[in-house]
Amino acid sequence: MFDAEDIGPDDLDQTLDYLEHWRNVARATDEQTRADLLNDLLLQHAAAPRLTNHAQTGWHLHFRDDDVAGWQQICVLISAATALHLTGRGIDRMGACELAECTHVFADTSRNGRQRYCSPACANRAAVRRHRAAHPNAGQRR
C-alpha cells in the first residue's frame with residue numbers, strides 16, 4: 001500500500017535507477033564493500049525506524065518519513081529488507097545471478113550458502129553451455 005497520492009512515470013525511472021545501485025550490493029564480492037554500498041543506500045533513502053498505525057491496520061515499523069514519493073517508499077522497503085536479510089541470514093547471503101545475460105538478484109537461502117544462480121532455469125542454461133563447450137561435437141548427427 002502506497003501512501004503517495006500520485007504514482008507516475010517518474011517513480012518508475014527513479015526506481016529503476018535505484019535498482020541498478022542496489023544490484024551493486026548483490027554484485028559486491030567482499031563483506032565490507034557490500035555493507036558500505038547498502039549503508040549508502042540506507043543513508044540516502046531511509047529514516048530512523050518508528051512504529052506507526054497510520055492506516056489503522058495495526059502497528060508496524062516504518063523506515064521512512066511520512067509523505068514521501070512512491071519511488072522513495074520502494075527504495076526504503078528494499079533497502080531495509082535487504083539489511084534485515086543480510087544481518088539475519090549472513091552478509092554473504094545475497095548474490096547476482098552468474099548467468100551473463102541475467103540481471104536478477106537473489107537472496108541466498110540455500111543450506112550451504114553457495115547459491116550462484118537466481119533460478120534452476122539459469123543454472124540449467126549455464127550447465128548446458130558448459131557441457132557444449134566441453135563437448136563441441138556431442139550434438140552432431142553422424
Side-chain angles (χ1 to χ4, degrees), residues 1-52 54-55 57-142:
M1 179 171 116
F2 285 103
D3 292 340
E5 297 279 331
D6 189 23
I7 304 294
D10 185 53
D11 291 287
L12 176 61
D13 293 340
Q14 295 283 359
T15 301
L16 292 174
D17 181 59
Y18 163 82
L19 287 173
E20 193 53 41
H21 293 285
W22 180 69
R23 280 188 193 98
N24 290 332
V25 174
R27 292 178 187 129
T29 57
D30 68 272
E31 293 179 1
Q32 190 61 56
T33 300
R34 178 169 283 164
D36 291 344
L37 290 169
L38 185 54
N39 280 334
D40 287 345
L41 291 177
L42 288 165
L43 186 63
Q44 290 175 39
H45 300 289
R50 63 187 172 81
L51 287 171
T52 183
H54 62 94
T57 57
W59 289 97
H60 57 278
L61 276 174
H62 269 198
F63 294 89
R64 63 174 173 79
D65 294 324
D66 291 333
D67 302 320
V68 297
W71 71 271
Q72 291 170 308
Q73 292 179 46
I74 293 169
C75 296
V76 170
L77 180 65
I78 294 171
S79 297
T82 301
L84 291 169
H85 172 75
L86 295 179
T87 56
R89 296 280 300 186
I91 193 76
D92 60 337
R93 291 305 193 121
M94 178 181 193
C97 187
E98 288 187 15
L99 192 67
E101 67 270 18
C102 185
T103 60
H104 292 171
V105 168
F106 57 86
D108 185 350
T109 58
S110 67
R111 183 176 298 211
N112 65 6
R114 290 189 166 85
Q115 185 173 338
R116 296 173 43 208
Y117 301 98
C118 68
S119 66
C122 282
N124 288 339
R125 283 187 199 101
V128 167
R129 287 181 188 158
R130 285 191 305 275
H131 176 77
R132 287 181 180 163
H135 305 90
N137 299 322
Q140 296 178 354
R141 292 185 181 190
R142 296 181 185 200

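Residue numbers run from 1 in the order of the sequence given.
Considering only heavy atoms from C-beta on, F106 comes within 4.5 Å of Q115 through its side chain. Between C122 and R125, the closest side-chain pair of non-hydrogen atoms falls below 4.5 Å. Between R129 and L99 there is a side-chain heavy-atom pair separated by less than 4.5 Å. Under the 4.5 Å side-chain criterion, counting only non-hydrogen atoms from C-beta, L19 is not in contact with I74.
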**Study point:** Full working for side-chain hydrogen bond (donor to acceptor under 3.5 Å, both in side chains) between Q32 and D36
**Key:** CA-CA 6 Å; Q32 190 61 56; D36 291 344; 2.8 Å; yes

Exercise for review: Could you please spell out the steps behind the side chain to side chain contact (heavy atoms under 4.5 Å, CB included) verdict for D108 and M94?
Suggested key: CA-CA 5 Å; D108 185 350; M94 178 181 193; over 6 Å; no

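Between G70 and D11, the shortest heavy-atom distance links the atoms N-OD1, 3.4 Å. Counting all heavy atoms, side chain and backbone alike, C118 lies closest to C97 at N-SG, 3.5 Å. Taking every heavy atom of both residues into account, L38 and V25 meet most closely at N-CG2, 3.9 Å. What you find for A69 and Q72 is that their closest heavy atoms are N-OE1, 2.9 Å. D65 and R50 make their closest contact through C-NH2, 3.9 Å (heavy atoms, listed as atom of the first residue, atom of the second, distance).
Using a cutoff of 4.0 Å between basic side-chain nitrogens and carboxylate oxygens, E31 and R34 are not scored as salt-bridged.
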Which pairs of donor and acceptor atoms, one on a side chain in residues 83-92, lie under 3.5 Å apart (sequence neighbours left out)?
residue, atom, partner, partner atom, Å
H85, NE2, R93, O, 2.7
T87, OG1, A83, O, 2.9
T87, OG1, L84, O, 3.3

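Using a distance-only test at 3.5 Å, with no hydrogens or angles considered, no donor-acceptor pair links the side chain of H62 to the main chain of H60. Not a single donor-acceptor pair under 3.5 Å links the side chain of N124 to the backbone N or O of A121. Between the side chain of H135 and the backbone N or O of H131 there is at least one donor-acceptor pair closer than 3.5 Å.
Applying the salt bridge (Lys or Arg N to Asp or Glu O under 4.0 Å) rule to E98 yields the partners R116; only residues at least two apart in sequence or on another chain are considered.
Taking CG from N39 and OG from S79, the interatomic distance works out to 10.5 Å, rounded to the nearest 0.5 Å. Going from atom OG1 of T29 over to atom CZ of R27 covers 12.5 Å, rounded to the nearest 0.5 Å. With values rounded to the nearest 0.5 angstrom, L12 atom CG is found 12.5 Å from W71 atom CH2.
Atom CZ of R130 sits in a crowded spot, with more than 12 heavy atoms from other residues, nucleotides or ligands closer than 6.0 Å.
Checking D30 against T33 by side-chain atom types alone, a donor-acceptor pair falls below 3.5 Å.
When each of W22, Y18, F63 is tested with H45 by the rule side-chain contact (heavy atoms from CB on, under 4.5 Å), just one qualifies, namely Y18.
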